[in-house]
Amino acid sequence: MRVYFMGDIHGNHYALEACLRHLSHLKVDAVYCLGDLVGWLPFGDRTLKRMRSLGFPTVAGNHDLLVAGRFTDYPTQLDRMQATAYNSGLLSTVEGAIDYLSYLPLFLEGEDFIVTHHSPFSLPEAGESPTIEHFDYLDEATLAQCLPAWRNFSRRLIFSGHDHIPAVYELPETPRLPRFEDVRVYRPVNDDALTIHLNPQSRYWIKAGSIGGPYRDDVPMANSVLYDSDRKTVTLFRLSYPRAPLYQELLSHHFIGNLPTIRRYMDLLNR
Ligand SMILES: [Fe+2]
């Protein structure tokens, strides 16, 4: 079975279309979206309509839920809040869009994998509503705390997005409780695809990276993942897309284009 994972589109329809063209040549059995269809770029209406029409199973990202008004952001996240407010207004003019985002599930499960935007170890309890605190980032200390739960987790593979840095984390079988030093990390170099052959004794957490950016590894390419369960491989793809028209659209968009986070993003697009 071949399963494709894509997410963190963030309104970048140029990158999304490049991914969909690539996907059309891959012959896959299933496609999952890892969330954050909207947020950051001021074109969430385009990516939401496109993804909703495709009907891929999709989990909720923090930006999707922020835009839908399910919870509020940290007061320190000024740029993110402004991008959220803009997209929330924009999407309130698209019929059903806010409801669509509101009711996305927080996780989905396949035979041997779970799909979630951030972490299966940071989900709300049953009956608890999500908050922005369920979407903190996975630093070394947080990952180390997850290790006992990860080792005993019901699914061997985790596919997630959120941090916008593509990587495969491998947790090998250890005779004792695992430590942070046991975790092996594989990252694509520059614009090359990276294929990892899965060891049947190990567990893997695959971070797909972002289709649309902002690109926190400073590589302005659309990221996605293919899992081939027959070949026992995971491939991280990097795809180029037309960045100049996106840059021009952002340049003429003064409200979002003036946010410092988007200024840095535009500098990267233009490099
Ligand atoms: Fe994101």
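Indexing begins at 1, ligand by ligand and atom by atom, following the structure's order. Hydrogens, waters and symmetry mates play no part in the numbers below; they use all other heavy atoms, side chains included.
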Name of the D36 N, O or S atom nearest the Fe ion (ligand 1)? OD2
Within the 4.5 Å heavy-atom criterion, are Y227 and Y4 side-chain neighbours or not? no
Is H63 close enough that one of its N/O/S atoms sits under 2.8 Å from the Fe ion (ligand 1)? no
Is there a donor in the side chain of H253 and an acceptor in the side chain of Y86, or the other way round, less than 3.5 Å apart? yes
Per residue D8, nearest N, O or S atom to the Fe ion (ligand 1) is named OD1
Would a 4.5 Å heavy-atom cut-off, applied to side chains only, mark H117 and N62 as touching? yes
Please find out if the Fe ion (ligand 1) and some N, O or S atom of H117 are separated by less than 2.8 Å. no
Please check if atom CZ in R231 has more than 12 non-hydrogen atoms from other residues, nucleotides or ligands closer than 6.0 Å. no
